[in-house]
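For reference, the structure discussed in these notes is given below.
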2 protein chains.
Amino acid sequence: MTSQAADRPETVGASRRSKITPEREQEFFDAVLAQIRECGYDAITMEGIAASTRCSKSTLYRQWKTKPQFVAAALRSHRRVRFAGIDTGSLAEDLRQAARVAGECSGKDTLLQALGHAVMQDQELQRALREALVEPEIAALREILRRGVERGEVPADHPALEYVPAQMFGVLRMRPVIEGEYADADYLVRFVEAVVLPALGLP
Amino acid sequence: MTSQAADRPETVGASRRSKITPEREQEFFDAVLAQIRECGYDAITMEGIAASTRCSKSTLYRQWKTKPQFVAAALRSHRRVRFAGIDTGSLAEDLRQAARVAGECSGKDTLLQALGHAVMQDQELQRALREALVEPEIAALREILRRGVERGEVPADHPALEYVPAQMFGVLRMRPVIEGEYADADYLVRFVEAVVLPALGLP
DNA sequence: CTGACGTATCGGAACGGGGTCGTATCGATG
DNA sequence: CATCGATACGACCCCGTTCCGATACGTCAG
């Protein structure tokens, strides 16, 4: 059903009519995501993106129809799952490793916070945010838990299992609000050891 | 040092020069906070507030100099601490009670989410948000924990103690993002029983 | 293979429409 | 007679469109 063609009608064979290379396109996306992280969604402007990437507004509007669609496309280009590939053979160590990874890019990836409320106004933006940032991370975390259950480290119906993803992301995002500093790797690892593992009945 | 006079130079004795009664003032504050919850900080306008409260823009600008100062004043008027007054005599029951209270007004008080990133631009707004919304709730929760320690239910140096506030607020705010529905009282109480209490070594 | 040519896309700039901030002016009111 | 509500105003900004000349791609004749 060529569902990915909803983005842009490129790759229609061998003839590339657009002079925008994939690398150039990624520059646009990187620029807009950086500005969103810095100023928030409402504050960014197409004019600002055009200026910071030294392209013209016309070009942006030729490729994407509106600002929310442009941002949504940028989000979809951002599929970098931090929790993918963690598999140490032990659930406890997997969770510690996840905490470390999350802590290391804690201060950087504030996209979710920056998009915050803007997402409630635009359906496409909301879907793009969920599919690009939320669901892949949650799925990777659930996969870690599933393997732990499969190895018999935790009973499949353990009531704390359901809350692990919300806990991890919640604590990650609340520490700046509560204590005024980022949730670094050390903080998160101690959290896993003091709360998550004991609640799961692990050492 | 009359540090509270930074808000408005009212109550300068018996002569009330402004015709705005405290009740009327609260209407302004309620209106702006409601609109922030609904549309986010960036989307609200002084004109919109004036229209919805049937006062004139002039009046708003006479009382508060700018939009961020107006919003900050509204935040400061919002000192309603949900977790205050919880004291059942048992730490476990206090936490369950806190979960219930939090879950009941979960969908309503999205102020923190709505202000989101706007707070990073204005120092005064940031301080007002912390002092009005964050710190009182955290303090009330810490008070609940302190009493539990005092009663000997939990050792004072239990490593999980530090994370309880971040956990509660974190899970409260992450469920809508992760699962797409509000964290109701039932969800939060089950969370307390499945995670928070076991991590603290309570039944 | 080479070189010239058509043409689609690019960057730049301007424009209309809409909107907000914060100020100023006014008559009305209590 | 100070403060209110209403209204208008200037300055600024942004969205999305449209025009234009310049540029580089793709194609094809030689």
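Lettering follows sequence order; numbering is per chain, from 1. What you see is a predicted model, and the numbers here were worked out from it, not measured in a lab.
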Sub-4.5 Å side-chain heavy-atom contact between V177(B) and F169(A): no
Phosphate-side-chain proximity, S56(B) and dA6(D), N/O vs OP1/OP2 below 4.0 Å: no
Phosphate-side-chain proximity, Q63(B) and dT3(D), N/O vs OP1/OP2 below 4.0 Å: no
K57(B)/E47(B) ion pair, N-O < 4.0 Å: yes
Interatomic distance, Q69(A) CD vs dG16(D) C1' [rounded to whole Å]: 13 Å
Separation of atom CG in D42(A) from atom P in dC15(D), rounded to whole Å: 11 Å
Length of the line joining F28(A):CZ and dT9(C):P, which is rounded to integer Å: 15 Å
Spacing of L60(A) atom CG relative to dA13(C) atom C1', expressed in whole Å: 15 Å
Rounded distance (Å) that lies between atom P of dA6(D) and atom CZ of R54(B): 10 Å
Atom of L188(B), atom of A183(B) and distance for their closest heavy-atom approach: CD1-O, 3.9 Å
Plane angle bin for F29(B) and F70(B) - parallel if under 30°, tilted between 30 and 60°, otherwise perpendicular: tilted
Flag side-chain contact, heavy atom, 4.5 Å: D184(A) against R175(A): yes
Test: K67(B) cationic atom under 6.0 Å from Y41(B) six-membered ring centre, within 45° of axis: yes
Nearest non-hydrogen partners of G89(A) and D94(A), listed with the distance: N-OD1, 4.1 Å
Salt bridge E135(B)-R142(B), side-chain N to carboxylate O under 4.0 Å: no
Where protein sits on nucleotides 19-30 of chain C, one letter per nucleotide: B base, S sugar-phosphate only, - none, heavy atoms under 4.0 Å: -SBBBB----B-
Gap between atoms CD1 and P, on I49(B) and dG5(D) respectively (whole Å): 15 Å
Separation of atom CD1 in I20(B) from atom C1' in dG5(D), rounded to whole Å: 11 Å
Integer-rounded Å distance: dA24(D) P and R24(A) CZ: 13 Å
Relative orientation of the end axes in the helix from dC1(C)-dG30(D) to dG30(C)-dC1(D), expressed as an angle to the nearest 10° (five pairs per end): 20°
Check ion pair R24(A)-E27(A) (N to O, under 4.0 angstrom): yes
